A.B. asks: 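Below: one structure in structure tokens.
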Amino acid sequence: MATEPLMICSENGAIGLEAGLRVLRAGGRALDALEAAALPVELNRQDRTVGIGGVPNLLKQVQLDAGIMDGATLSVGAVAALEGYLEPVRVARKVLELLPHSLLVGPGAARFAQEHGFEQAEHLTAEAEAQWRARLQERGVWPVDEDHLTECCRRALREERWGGTVNFIALDRAGDLAACVSTSGIGWKYPGRVGDSPQAGAGFYADNRCGAACCTGRGELAIQGGTALRTVIHLEQGLAPLEAGTRAMQFLRRVRDGWGGGMNLLVLDRTGRHAGFSSVTGRKYAYQSISMDEYAMEERTCVEIGQEETQERYPF
Ligand code: GLY
């Protein structure tokens, strides 16, 4: 029996599920469902970690990262450090469709968005700017010394909780899987810092043969652990989503860069089984299939990853 089309997402993505489900109910593609679902989150000014309203980097620039992957073809499109354009997931999808490339960064990504008629917008909101300034003042790095951004970054991001970012995974009627991530990254980041979200294998991965996975949390951990691809490889090896995700999270115990941070992971296999994980307790994710009138929230399994902030490698 064919699996019912469905989507899963991080908690902050729930506001986009209905738009995505409309696409799936009409028999549309998983990739199109992801684009539709991501947009309301990217336009949500209250979300300080995605699109408009994101907390800026040390130079008060909102730099966006997004990635999307087609599990049928393993094609990837992604943009990193994109400034001034709405709909980063849609821009990433265009990269996937039109270019012989997977990832565009900074001015190149903006140029591509402009070439394809994407709408421009100011992403910095007054609320995000206030939050940005308050942290810098509290950490004694206000005003920002542009000649010493490394020190400003180290001070601003000590004991950071590393939350936010949105994940969506969709399974459509044809059995195709797709995954996407969108984020403004960590606020107060060093200009040009790129996290896991636009990096296939780190922040997202999808393969129709077995399943898909996406991450939120401290992107550097997912990069160092290859977390999304590692999870999908475990699915390919025959593990159920609960076991595959647990192993990929446990692998992060090997990362010892001294900067701490947490990780959250979502997994959907090709038969529609799903699971969510977090390195802290009490986190949830949302899911909805086409026969459900509204989304449901599910508790994430807590897997401790042992990331204490020690600064051993980088003492102050
Ligand atoms: N996981 C999003 C980021 O680290 O930028």
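Quantities reported herein were computed from a predicted structural model and do not represent experimental measurements. Both ligands and their constituent atoms are indexed starting at 1 by order of listing.
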A.B. asks: Would you find more than 12 non-hydrogen atoms of other residues, nucleotides or ligands less than 6.0 Å from His116 atom NE2?
C.D. replies: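 Yes, because the 6.0 Å sphere around NE2 of His116 holds more than 12 heavy atoms from other groups.
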A.B. asks: Going by the side chain to side chain contact (heavy atoms under 4.5 Å, CB included) test, name the single residue among Thr216, Ile223, Thr165 that passes it with Asp196.
C.D. replies: Ile223
A.B. asks: So which bit of Arg193 gets within less than 4.0 Å of ligand 1, heavy atoms only: side chain, backbone, both or neither?
C.D. replies: side chain
A.B. asks: Any idea which atoms of ligand 1 are less than 4.0 Å away from a heavy-atom of Gly217?
C.D. replies: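 So the answer, numbered in order with elements, is 1 (N), 2 (C), 3 (C), 4 (O).
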A.B. asks: Pull out every atom of ligand 1 sitting under 4.0 Å from any heavy atom of Ser197, numbered as shown with elements.
C.D. replies: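 Atoms satisfying the 4.0 Å criterion: 1 (N), 2 (C).
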A.B. asks: Is Arg48 atom CZ crowded by more than 12 heavy atoms from other residues, nucleotides or ligands, each under 6.0 Å away?
C.D. replies: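 Atom CZ in Arg48 is crowded, with more than 12 foreign heavy atoms closer than 6.0 Å.
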A.B. asks: Is it the case that Arg230 places NZ or CZ above or below the six-membered ring of Phe251, under 6.0 angstrom from the centre and within 45 degrees of the axis?
C.D. replies: yes
A.B. asks: For ligand 1, which atoms sit closer than 4.0 Å to a heavy atom of Gly185?
C.D. replies: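 That gives atoms 5 (O) of ligand 1.
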A.B. asks: Could you tell me which residues satisfy ring-ring contact (aromatic ring centres under 6.0 Å, His included) with His101, sequence neighbours excluded, listed by chain and number?
C.D. replies: none
A.B. asks: Closer than 4.0 Å to some heavy atom of Asp196 - which atoms of ligand 1 meet that?
C.D. replies: 1 (N), 2 (C), 3 (C), 4 (O)
A.B. asks: For the residue pair His148 and Glu151, confirm or rule out a side-chain donor-acceptor distance under 3.5 Å.
C.D. replies: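 No pair is found: no donor N or O on one side chain lies under 3.5 Å from an acceptor on the other.
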A.B. asks: Using a plain distance cutoff, I'd like to know if Cys215 has any nitrogen or oxygen under 3.5 Å from a nitrogen or oxygen of ligand 1.
C.D. replies: no
A.B. asks: Geometry only, no angles: is Gly195 polar-contacting ligand 1 at N/O separations under 3.5 Å?
C.D. replies: no
A.B. asks: Check each atom of ligand 1 against the heavy atoms of Thr165 and keep those under 4.0 Å away; list them by number with element.
C.D. replies: 1 (N), 2 (C)
